[in-house]
Amino acid sequence: MKAGWRWFGPSDAISLREIRQAGVTDVVTSFYNRKPGDVWPLREIEACAKAVRRAGMTWSVVESVPVHEDVKKRTGDFRRYIENYKRNLRSLAKYGVKTVCYNFMPVHDWARTDLHVVLPDGSVTLAYDQYEVCAFEMFVLKRPGLERDYDATTRARAKRAWAKASAKDRNRIVHALLLGLPGTTDDATPEGLRRELAAYAGLGGRQLKQHLYDFLNEITPVLEETGIDMAIHPDDPPFPIFGLPRILSSAADIRAMVRACPSRHVGVTLCTGSLGANLKNDAVKIFREFHDRIHFCHFRNLIHSEPGVFRESDSHLFGNTNMPALMLELLKEERRRGKEIVMRPDHGRMLDIDKDRTCYYGYSYGGRLIGLSELRGLEAGIKYGLAVAGRAKT
Ligand code: DNO
């Protein structure tokens, strides 16, 4: 496994030097000031690759090259944006960036309802509660047709929860759901969000998926030419939110994409936190089934109190993803390929060690440092176990 780390560029509170000190070899970054659809100047790409190299690491994964909403809807200027995308892929490949993590989720990248869950030891984590999302949709967004996504029991419970919620709690939910989390462009307002949602009215899941396959098949010649692997990020959460169609929430969705896009360069980012938000998803099984299409990994864990209600775990090892079993699958796949796969510890708790700096939600230094160390320890332990077992056999 190659130790990856998401770096938000020169404005990141965490420096490349600190990242290297964490044991990282592979930096995962992008140009966060650029809008989806923009052409990235070659010299910017070169400068970034050089800065990472100077710091003693490699820029091997770009997360993300955002896909313009026109491409997702196949409206407006989508052809030009696809051409721009291809151009960016070619430029990235020139500087050795051969893995692209991106998503095709309409409007919203990822969502949480609480960004400040304080754990008993004083550290802070993120949480999601589908009843709070449902209440937000009913009372803030006032979204027509939400009965299609939430059954009567869920709606009744959401209503009760909202009635009981203090002004502070309501603000917390609204703020969290409208916030531009890393990956999204700007913070939204309820009106702005309503407008963006309206642009997707009438576009169902099946059609959105077809648009994804069309996009991927259109860029496939460039993937073959450059050797770039496209690693789609699963939906976060992998169930309905705001009435938006979902694109990649389950093994069935990955299966359909793989079937529609025969190139092996078309693959996924195995994000255990996003997939694991739906308890029906089993990351280990998913890894086994699509092993040769897993181009990048985000590892972390979740603790559910019930389906649809969870928080990010205290530890990357423990929660609803069986991390040792998954690590074993990753190591087996690396052996088959004769090549290591980049894994980045995805999110981490906010610890006191970071109290004097502003980190992006989920992207602390201390929390991710622990996560990475745990995962590297797990890897070393499994490798040793395999070696011992191998020797015992001979
Ligand atoms: C959240 C991240 C996502 C991810 C994008 C990739 O923490 O995993 O924002 O970067 O979905 O396009």
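Just the heavy atoms: all of them, side chains too, but no hydrogens, waters or symmetry mates, feed the values below. Note that ligands are numbered from 1 as they come in the structure, with each ligand's atoms numbered from 1 the same way.
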Quick one: sort the His68 and Tyr81 rings into parallel, tilted or perpendicular, breaks at 30° and 60°. parallel

Would you mind listing which atoms of ligand 1 come within a distance below 4.0 Å of any non-hydrogen atom of Arg6? 2 (C), 9 (O), 10 (O)

Applying side-chain hydrogen bond (donor to acceptor under 3.5 Å, both in side chains), run through Glu63 and His298 and close with a yes or a no. CA-CA 11 Å; Glu63 177 175 348; His298 285 177; 3.1 Å; yes

A student checking ligand 1 against Ser64 at a 4.0 Å heavy-atom cut-off should list atoms 6 (C), 12 (O)

Please list, in number order, the atoms of ligand 1 under 4.0 Å from a heavy atom of His347. 1 (C), 7 (O)

Decide whether Tyr363 and Arg6 meet the rule of one side-chain donor and one side-chain acceptor closer than 3.5 Å. yes

For ligand 1, indicate whether the residue Trp110 contacts it via side chain, backbone, both or neither (heavy-atom separation under 4.0 Å). side chain

Once salt bridge (Lys or Arg N to Asp or Glu O under 4.0 Å) is applied, what residue pairs with a partner in residues 196-209 remain, sequence neighbours excluded? Lys209-Asp253

Arg344 heavy atom under 4.0 Å from ligand 1: yes

Heavy-atom distances under 4.0 Å decide this one: backbone, side chain, both or neither, for Asp109 against ligand 1? side chain

State the atoms of ligand 1, each with its element, that fall below the 4.0 Å cut-off from a heavy-atom position in His233. 4 (C), 6 (C), 8 (O), 11 (O)

Lys73/Glu69 under salt bridge (charged side-chain N to carboxylate O under 4.0 Å, His left out): CA gap, chis, key distance, verdict: CA-CA 6 Å; Lys73 290 181 287 195; Glu69 294 294 305; 5.3 Å; no

Per-atom filter on ligand 1: closer than 4.0 angstrom to a heavy atom of Asn103 are 5 (C), 6 (C), 11 (O), 12 (O)

Would you mind running through ligand 1 and noting each atom that sits below 4.0 Å from a heavy atom of Tyr363? 1 (C), 2 (C), 7 (O), 8 (O)

Arg194: what forms a salt bridge (Lys or Arg N to Asp or Glu O under 4.0 Å) with it, not counting sequence neighbours? none

State, yes or no, whether a side-chain contact exists between Val100 and Ile228 at a heavy-atom distance under 4.5 Å. yes

Quick check on contacts: which atoms of ligand 1 are under 4.0 angstrom from a heavy atom of His298? 8 (O)

